[in-house]
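Counting from 1, the numbers follow the sequence of the chain as shown.
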Amino acid sequence: MTAGIPDSLSEVLDDWISLQSTPDEEIADFIGWSVDRVRDHR
């Protein structure tokens, strides 16, 4: 998991990011990446 983030929160975030219904733009805004970078990693 990610250092400094509780395992339970990390699991929820992973689920949220994995949902196809979650827009790339929302993820980019939340983590501070460009939309293109999010798309490349998804």
Side-chain angles (χ1 to χ4, degrees):
M1 297 294 168
T2 302
I5 297 178
D7 289 345
S8 58
L9 177 57
S10 181
E11 290 172 16
V12 170
L13 290 172
D14 186 48
D15 289 344
W16 176 70
I17 290 169
S18 298
L19 290 173
Q20 291 300 316
S21 62
T22 303
D24 293 337
E25 294 80 9
E26 282 186 13
I27 297 169
D29 286 344
F30 181 72
I31 61 175
W33 285 7
S34 69
V35 173
D36 289 336
R37 187 171 179 193
V38 170
R39 287 183 184 136
D40 289 345
H41 282 83
R42 285 182 96 187

Item to check | Intermediate values then yes/no, side chain to side chain contact (heavy atoms under 4.5 Å, CB included), Trp33 and Ile27 | outcome: CA-CA 8 Å; Trp33 285 7; Ile27 297 169; over 6 Å; no
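- One hydrophobic cluster, built from ILVMFWY side chains closer than 4.5 Å, holds both Phe30 and Val38.
- Here the straight-line distance linking atom OG of Ser18 with atom CG of Leu13 works out to 10.5 Å at 0.5 Å rounding.
- Taking both residues in full, the closest heavy atoms of Pro23 and Ser21 are given as CD-O, 3.2 Å, listed atom of the first, atom of the second, then distance.
- Residues Trp16 and Ile31 are members of one and the same hydrophobic cluster, defined by side-chain heavy-atom contacts under 4.5 angstrom among Ile, Leu, Val, Met, Phe, Trp and Tyr.
- In this structure, Leu19 and Arg42 approach most closely via the heavy-atom pair O-NH2, 2.8 Å.
- At distances below 3.5 Å, not a single donor-acceptor pair connects side-chain atoms of Arg37 with backbone N or O atoms of Ala28.
- By the 4.0 Å N-to-carboxylate-O rule, Arg39 lies close enough to Asp36 to be salt-bridged with it.
- If you take CG on Leu9 and CG on Asp14, they are separated by 11.0 Å, rounding to the nearest 0.5 Å.
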